[in-house]
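Because the structure is predicted, anything quoted here is derived from the model rather than measured.
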Amino acid sequence: MNEQDFAETTENLQPNRRKRRRSPRRIIKGLMFLGICGGLMSVVVYSPLFTLQRVTLHGNTYLSEEDILTSGRLHKGEPLFQLETDAVTQNLMKDLRIESVIVRRKLPDTLDVELKERMPVATVACEYGYLDLDRQGKVIASYKNLRKMPIPLVTGVAMHDKYIGDDNTDGNVQKVLEFLSLLDAESLNHLSEINITNPNAITAYTNQSVQIRLGNFDRWEEKAKLTKDFLLSLPNARHQIEFVDFSYTAPFIRLKGNLTESEVEVHKGAQ
């Protein structure tokens, strides 16, 4: 290529180079647009309108909003968009009372929490208060003052040096948990207490203070079925019941008042 051809080629490229140069005015406009978008995002993120004000729970029976705030390390008033739902989920899963959980933001000020709880079946006294145990005997909650819970209190025993996450080591308590695990949630809700002071004369009490005499730890499945059937029929009983005895192979019900000598076979129902 001679000098003349090279010069012509160079001249032809100059307009293209000029076209590729960005206008300073366009760059400034782009920066201004990004700045405005960033400002709007800051306003949205830090606006009082989009701060955490409430937690809605789904699937909970025992856990409260306060429990979720504590376990999730949440604080009302913090920016909703700064909450990392994955981090909140991980925090909640460290709570042994929670089996699974899904966390979602719900504009403008709500955190939606759908969870599945580990189900406690009994409460037992300890040296500093009370413990809730699940079916396997794991301590899933502890508190100082006895709370109104839809599960029975196991009396006649006290646990020591047990905290959340620990496992029960008392043989009699474990046998009671096996019995309670055979009942459904509705049946557990109708029992207020199980006394195991005498392992050969275990006694349960309904919310209406009706005794259920269970005897020893034998025939647990049979006694659990009888207990469940009795609790189901109890609201429809025609007479006041003093106690029901399942410790014998031929269980019976004893009625109060003028009928204290009456004994009715359980499989015939609470009449």
Please determine whether the number of non-hydrogen atoms from other residues, nucleotides or ligands lying under 6.0 Å from atom CD of Glu127 exceeds 12. yes

Residue pairs involving residues 190-209 (criterion ring pair (Phe, Tyr, Trp, His ring centres under 6.0 Å); sequence neighbours excluded): none

Are Val176 and Leu182 connected into the same hydrophobic cluster when the rule is that any two of I, L, V, M, F, W, Y join if their side-chain heavy atoms are below 4.5 Å apart? no

Among Arg105, Lys106, His58, find the one that has a side-chain hydrogen bond (donor to acceptor under 3.5 Å, both in side chains) with Asp112. His58

When you look at Asn195 and Thr155, which way does the side chain to side chain donor-acceptor pair (under 3.5 Å) test go after all the steps? CA-CA 5 Å; Asn195 187 288; Thr155 57; 3.1 Å; yes

Does Tyr62 reach the side chain of Asp67, with side-chain heavy atoms less than 4.5 Å apart? no

Contacts of type salt bridge (charged side-chain N to carboxylate O under 4.0 Å, His left out), residue Glu193, not counting sequence neighbours: none

Is there a side-chain contact between Val173 and Leu133, using heavy atoms and a 4.5 Å cut-off? yes

What pair of heavy atoms forms the shortest contact from Leu80 to Pro108, and how long is it? CD2-O, 3.6 Å

Working note: Asp184 + Ser187, criterion side chain to side chain donor-acceptor pair (under 3.5 Å); need CA distance, chi angles, decisive distance, verdict. CA-CA 5 Å; Asp184 54 24; Ser187 298; 2.7 Å; yes

Closest non-hydrogen atom pair, Gln174 against Arg135: NE2-O, 4.2 Å

Taking atom CG of Asp161 and atom OG1 of Thr169, what is their separation to the nearest 0.5 Å? 9.5 Å

Are Phe217 and Ile194 joined in one hydrophobic group, where the rule is that I, L, V, M, F, W and Y side chains link up if heavy atoms are under 4.5 Å apart? yes

Are Leu92 and Ile68 packed together at the side-chain level, in the sense that at least one heavy-atom pair is separated by less than 4.5 angstrom? yes

Is any side-chain heavy atom of Ser71 less than 4.5 Å from a side-chain heavy atom of Asn91? no

Tell me, please, which residues at least two apart from Phe179 pass ring pair (Phe, Tyr, Trp, His ring centres under 6.0 Å). Trp220

Is Thr123 close to Ile151 at the side-chain level, that is, under 4.5 Å between some pair of heavy atoms? yes

For the residue pair Arg97 and Ile140, what are the closest heavy atoms and their distance? CG-O, 2.6 Å

Salt bridge (charged side-chain N to carboxylate O under 4.0 Å, His left out) filter on Glu99, not counting sequence neighbours, yields Lys116

Minimal heavy-atom distance between Leu96 and Arg118, with the atoms involved, is O-CD, 2.5 Å

Could you state whether Leu234 and Leu232 fall into the same hydrophobic cluster, counting links through intermediate Ile, Leu, Val, Met, Phe, Trp or Tyr residues with side-chain heavy atoms under 4.5 angstrom apart? no

For Glu222, does the CD atom have more than 12 heavy-atom neighbours from other residues, nucleotides or ligands under 6.0 Å away? yes

More than 12 heavy atoms from other groups under 6.0 Å of CD on Glu84: no

Quick one: are Pro199 and Lys175 in side-chain contact, heavy atoms under 4.5 Å? no

Tell me the ring pair (Phe, Tyr, Trp, His ring centres under 6.0 Å) pairs involving residues 144-178, sequence neighbours left out? Tyr128-Tyr163

Closest non-hydrogen atoms of Val55 and Glu65, given as atom of the first, atom of the second and distance, are O-OE1, 3.6 Å

Common cluster, Leu107/Val113, ILVMFWY with side-chain heavy-atom separation under 4.5 Å: yes

Would you call Asp245 and Arg254 a side-chain contact if the rule is heavy atoms closer than 4.5 Å? no

Yes or no on side-chain contact (heavy atoms from CB on, under 4.5 Å) for Met93 and Val101, after CA distance, side-chain angles and deciding distance? CA-CA 7 Å; Met93 287 301 298; Val101 63; 3.8 Å; yes

Does Glu114 come within less than 4.0 Å of Arg104, counting only side-chain N to carboxylate O? yes

Roughly how far apart are Lys225 NZ and Leu183 CG, rounded to 0.5 Å? 12.0 Å

Salt bridge (charged side-chain N to carboxylate O under 4.0 Å, His left out) partners for Asp170, two or more places apart: none

Side chains of Met119 and Asp134: does their closest heavy-atom pair fall under 4.5 Å? no

As an exercise, state the distance from CG of Leu231 to CG of Leu226, rounded to the nearest 0.5 Å. 11.0 Å

For residues Leu57 and Val88: do they belong to one hydrophobic cluster (side chain heavy atoms under 4.5 Å, members Ile, Leu, Val, Met, Phe, Trp, Tyr)? yes

